[in-house]
Amino acid sequence: MRSKIPHQKVVIIAIDGPAGAGKSTIARLVAQNIGFLYIDTGAMYRALTLLVIKEKIDIANEEQVIALAKKSKIQLENNDDGTIKVFLNGENVSQDIRKPEIAKFVSLVAKISRVRSQMVQLQREMGQKTSCVLDGRDIGTVVFPNADFKFFLEADFQKRVNRRYKELIQSGIKITPEAVAGDLKNRDTIDSTRECAPLKKADDAIAIDTTDLTIEQVVEKVLSQIH
């Protein structure tokens, strides 16, 4: 492991990309390596989606979803191993937000512009307090367009499906590869075509194709740019 890098000011590292490209894993390991806070922005949208489902709110009813977002409290805490705990109104929902039913609807919640505005504000507040690594879909384009470092991770679609399937199975979630593929295809379409902050590579972001790279190799590529 490299030593923590010295910094006199708050440093922002943005890592964007589609589902299954490895953003969360890479962002977590990079943050842990250099002693920065890790902020999983996708977990915030997942937490709100979980609440929408629990409250039996129609996702098509944007006003109700927005009202729920305004009165909900989402907090992130880093564990010693670099992973995060996600709290929704004081309850630890770290495991619940990873279930397939959440993944199925999270892009629909995340595309609501006023929900994104509220989340972006919260993400900026977190990022302005301390040096951090954030991963998501629009970190380098919308949340922190002036981030010190920007990366865009991408990978072959089938590779992304395989990774997500393995991740879910290891978490004890029963699902088929076909279901995972359908979910990723749907999320790719929604994320890249939504009107508000669509998934796209920032012009000044460094693109890394992770298809044939190990986790360690991707982390090393990112760290080499930062150092």
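Starting from 1, each residue takes its place in the sequence as its number. Because only heavy atoms are used, hydrogens play no part in the values below, and waters and symmetry mates are left out as well, while side chains stay in.
Rounded to the nearest 0.5 Å, atoms CG (L122) and CD (Q75) are 9.5 Å apart. Separation of atoms CD1 (I13) and CG (L37) is listed at 11.5 Å; rounding is to 0.5 Å. Atom CD1 of I74 and atom CG of L51 lie 8.0 Å apart (nearest 0.5 Å). With values rounded to the nearest 0.5 angstrom, Q123 atom CD is found 5.0 Å from T41 atom OG1. If you take CD1 on I139 and CZ on R124, they are separated by 10.0 Å, rounding to the nearest 0.5 Å. Residue L108 holds its CG atom at 11.0 Å from CZ of R194, rounded to the nearest 0.5 Å.
Neither side chain, S107 nor R137, offers a donor N or O lying under 3.5 Å from an acceptor on the other. A donor-acceptor pair shorter than 3.5 Å can be found between the side chains of T83 and N79.
Under the 4.5 Å side-chain heavy-atom criterion for grouping Ile, Leu, Val, Met, Phe, Trp and Tyr, F105 is not connected to L184 through any hydrophobic cluster. Grouping the Ile, Leu, Val, Met, Phe, Trp and Tyr side chains by contacts below 4.5 angstrom, directly or via other members, places V93 with I57. Note on F152 and I26: separate hydrophobic clusters, where clusters join Ile, Leu, Val, Met, Phe, Trp and Tyr whose side-chain heavy atoms are under 4.5 Å apart, directly or indirectly. Under a hydrophobic-cluster definition in which Ile, Leu, Val, Met, Phe, Trp and Tyr are linked whenever side-chain heavy atoms come within less than 4.5 Å, directly or via other members, V10 and V120 are assigned to the same cluster. In the hydrophobic clustering of ILVMFWY residues, with side-chain heavy atoms under 4.5 Å counting as a link, M119 and I97 come out together.
Heavy-atom contacts from other residues, nucleotides or ligands closer than 6.0 Å to CD of Q64 number more than 12. Applying the 6.0 Å contact sphere to NZ of K201 captures more than 12 heavy atoms from other residues, nucleotides or ligands. Atom CD of E195 has 12 or fewer heavy atoms from other residues, nucleotides or ligands within 6.0 Å.
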Please determine whether side chain to side chain contact (heavy atoms under 4.5 Å, CB included) holds for the pair K221 and Q225, giving the CA-CA distance in whole Å, both sets of side-chain angles, and the decisive distance to 0.1 Å. CA-CA 7 Å; K221 279 182 173 289; Q225 293 292 332; over 6 Å; no

From CA spacing to verdict: side chain to side chain donor-acceptor pair (under 3.5 Å), R163, T25: CA-CA 11 Å; R163 287 173 178 168; T25 299; over 6 Å; no

With side chain to side chain contact (heavy atoms under 4.5 Å, CB included) as the test, would you mind laying out the steps for R116 and Y45 before giving the verdict? CA-CA 9 Å; R116 295 200 71 83; Y45 290 103; 3.5 Å; yes

When you look at I102 and D96, which way does the side chain to side chain contact (heavy atoms under 4.5 Å, CB included) test go after all the steps? CA-CA 8 Å; I102 304 302; D96 292 339; over 6 Å; no

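The list of salt bridge (Lys or Arg N to Asp or Glu O under 4.0 Å) pairs with a residue in residues 25-47, not counting sequence neighbours, reads D40-R98. Residue pairs satisfying the salt bridge (Lys or Arg N to Asp or Glu O under 4.0 Å) criterion with at least one member in residues 142-157, sequence neighbours excluded, are listed as follows: K9-D148, K150-D204.
Nearest heavy-atom pair, I173 versus K99, reported as atom, atom and distance to 0.1 Å: CD1-CA, 3.9 Å. Considering all non-hydrogen atoms of both residues, L134 and F144 come closest at CD2-CE1, 3.9 Å. For the pair A181 and F157, the tightest heavy-atom approach, listed with the atom from each and the gap, is O-CZ, 3.5 Å. Listed here is the closest heavy atom pair of D138 and D16: N-OD1, 3.3 Å.
When each of Q158, R164, R160, K159 is paired with N162, the side-chain hydrogen bond (donor to acceptor under 3.5 Å, both in side chains) condition holds for Q158 and for no other.
Under a 3.5 Å cut-off, the side chain of K23 and the backbone N or O of P18 do form a donor-acceptor pair.
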